[in-house]
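Here the structure comes first, spelled out in structure tokens, and everything after it is commentary.
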Amino acid sequence: MLKSFVLAAALAGVLPAAVAQTAFMVNGQFVSVEEQMQLMDFLRANGVTNEKQLKNAARSILLEQKIIEQAARNEGLLEDPRVRVLISEKQAQLYGSILSRRYASEHPITEEQVRNRYDSLLSSTL
């Protein structure tokens with residue numbers, strides 16, 4: 001099992017970009033073109049603009065995720081109550097982070113608001 005993980009991870013770095021937009025299998029688990037495109041869209045939205053890098057990164061990331069998920073499943077981690085608690089905590093942190101960013105982008109703080117708050121704090125300390 002560990003050998004296949006290491007081999008697949010090593011191969012992830014040498015696969016050509018041209019195949020990044022084709023579906024592929026990881027130890028019998030299907031990875032669709034749609035999954036790759038969604039990840040590429042996410043990477044693009046986060047500043048990656050080079051198409052070759054996008055394709056390589058998407059394929060490599062998904063390959064690594066699938067291998068780790070398979071290893072976790074094989075080790076019974078998905079049923080471990082401690083792991084479930086950790087997953088739940090991380091999920092809540094992720095949701096909180098996304099909600100905070102979304103709120104901040106929809107309600108930007110103006111320079112005037114910052115200045116007013118600064119002035120208010122300054123006058124209260126004098």
Locate the shortest heavy-atom distance separating [X] from [Y]; write the atom from each residue and the value.
{"X": "P108", "Y": "Q113", "result": "O-OE1, 3.8 Å"}
{"X": "A23", "Y": "V33", "result": "N-CG2, 3.4 Å"}
{"X": "Q70", "Y": "N27", "result": "OE1-ND2, 2.9 Å"}

Has E79 got more than 12 heavy atoms of other residues, nucleotides or ligands less than 6.0 Å from its CD? yes
Check whether [X] and [Y] end up in the same hydrophobic cluster, where Ile, Leu, Val, Met, Phe, Trp and Tyr are linked by side-chain heavy atoms less than 4.5 Å apart.
{"X": "F24", "Y": "I61", "answer": "yes"}
{"X": "I68", "Y": "I87", "answer": "no"}
{"X": "L63", "Y": "F42", "answer": "yes"}

Salt-bridge criterion met for E106 and R101 (N-O under 4.0 Å): no
Do K66 and E35 meet the salt-bridge criterion of a basic N to acidic O distance under 4.0 Å? yes
Main chain of D119, side chain of S123: is a donor-acceptor contact present, judged purely on distance under 3.5 Å? yes
So, S60 side chain and N56 main chain: donor-acceptor pair closer than 3.5 Å or not? no
State which residues pass side chain to side chain contact (heavy atoms under 4.5 Å, CB included) with E89; sequence neighbours excluded, sorted by chain then number. V85, L86
Derivation of the side-chain contact (heavy atoms from CB on, under 4.5 Å) call for V114 and T110: CA-CA 7 Å; V114 173; T110 66; over 6 Å; no
